[in-house]
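On a predicted model such as this, the values are computed, not experimentally measured, just so you know. Just so you know, ligand 1 is whichever comes first in the structure, and atom 1 is the first atom listed for that ligand.
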Amino acid sequence: MLASSCPGWICYAEKTHGYVLPHISVVKSPQQVMGSIVKEYLAGKWSVKPNQIYHVCVMPCYDKKLEASRPDFYDEAYATRDVDCVITTGEIDKMLEQQGTDLRTLPEDELDSVFTKMTFDPALSSPVLLGTPGTGAGGSLEFILAYAARELLSLPNLRTNLPSDVPGPYPGLTVRTVRNADFREYTLEVPGAAPLRFAAAYGFRNIQNLVRKIKQGKCTYDYVEVMACPGGCVNGGGQIKQPDGEEVMSAKDWVVRVEQVYRSVEGVSPEESEIVRKLYGDEWLGGPDSPKARRMLRTQYHAITQNLQNPLGCGHDLCGIWANEADPLPTSVERRDLDWEILNGNN
Ligand code: SF4
């Protein structure tokens, strides 16, 4: 099974490697799952129609705009999209700059509690934001491996949030970097059972190698987390860059710093989240594999030959520039590797 959360990868696969589409997970990306939650669950809870909610996502990624504009995520009955507008973190930063707003000078406010994972910190006497454990791509590989270990091999509480090339808390778990830092293998071996073989493949070159192996019938992994950007979403094309003329660290160190900030928020597994439990239960879906869960959380893929046009745009200059730019894949995917090489001084 191949991961489905990266629209850069999905567009590339649909356009150039139709034979891999049956292997891609049919689970919607996190952005589009949130689209279903907002336009179906929240609309019902607030007793409004889906088209009375304008849903904006802030993402590290321009390809998320393309994803939101897919016909699969358009509700004809209400003439509305699950996600109405996508703005990148870099665009938000530019908007604030144009307004003369500096977040560091604004007073702290209460955390919005609708879907925010948080805990109460007695020392601060206030709620504290919680994140998701795992890699800079969001931790789905770690979660699925831990789930598979528990369900298939009866190994509870597997933690894989480890540095590369060290044995895991179970003697049978090995995490290995292969060829480059953006290709890692996770192998879990238990006596008497078939091993679980997972991999993380980030960046265009690693994706190319992976699809070649699949085509040749030589891919032996059970699950691969495929992400278009080298380094994952922390290095997404829409992320905030260092301010011009104020370079205090190398571009590569800047990405490392972003990853450190991302990891500074304590992570909790989705299964430990009260909100997730409620949504899967009677509050919304009526069970993790119910007909409604399948309808709300799954999608489909289409082998295509032409570029998707982006009809989205929040009216902001930067969104307009992107929306009108002819930027066909796989060129934009390839460009990420070139950017990464420049970051690493290999150009
Ligand atoms: S890896 Fe890059 S293209 Fe893929 S979802 Fe993350 S930021 Fe977007």
Notebook entry, point to check: Touching ligand 1 at all, Pro7? Heavy atoms, strictly under 4.0 Å?
Noted result: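 A heavy atom of Pro7 does come that close to ligand 1.
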Note to self: Suppose we only count N/O/S atoms under 2.8 Å; would Cys229 qualify as near atom 6 (Fe) of ligand 1?
What the structure shows: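 False for Cys229.
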Item checked: N/O/S atom of Cys233 inside 2.8 Å of atom 8 (Fe) of ligand 1, strictly under -> no
Check: At a 4.0 Å threshold, what atoms of ligand 1 neighbour a non-hydrogen atom of Gly236?
Finding: 7 (S)
Checklist line | Geometric cation-pi criterion Arg197 and Tyr223, 6.0 Å radius, 45° cone | finding: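 Arg197 over Tyr223 ring: no.
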Note to self: Is there a path of hydrophobic side-chain contacts, each under 4.5 Å between heavy atoms, that joins Val224 and Leu21?
What the structure shows: yes
Check: When rounded to the nearest 0.5 angstrom, what distance separates CD in Gln208 from NE2 in His17?
Finding: 7.0 Å
Notebook entry, point to check: Can Glu283 and Lys45 be counted as an ion pair, charged N to O under 4.0 angstrom?
Noted result: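 Judged by the 4.0 Å cut-off on N to carboxylate O distance, Glu283 and Lys45 do form a salt bridge.
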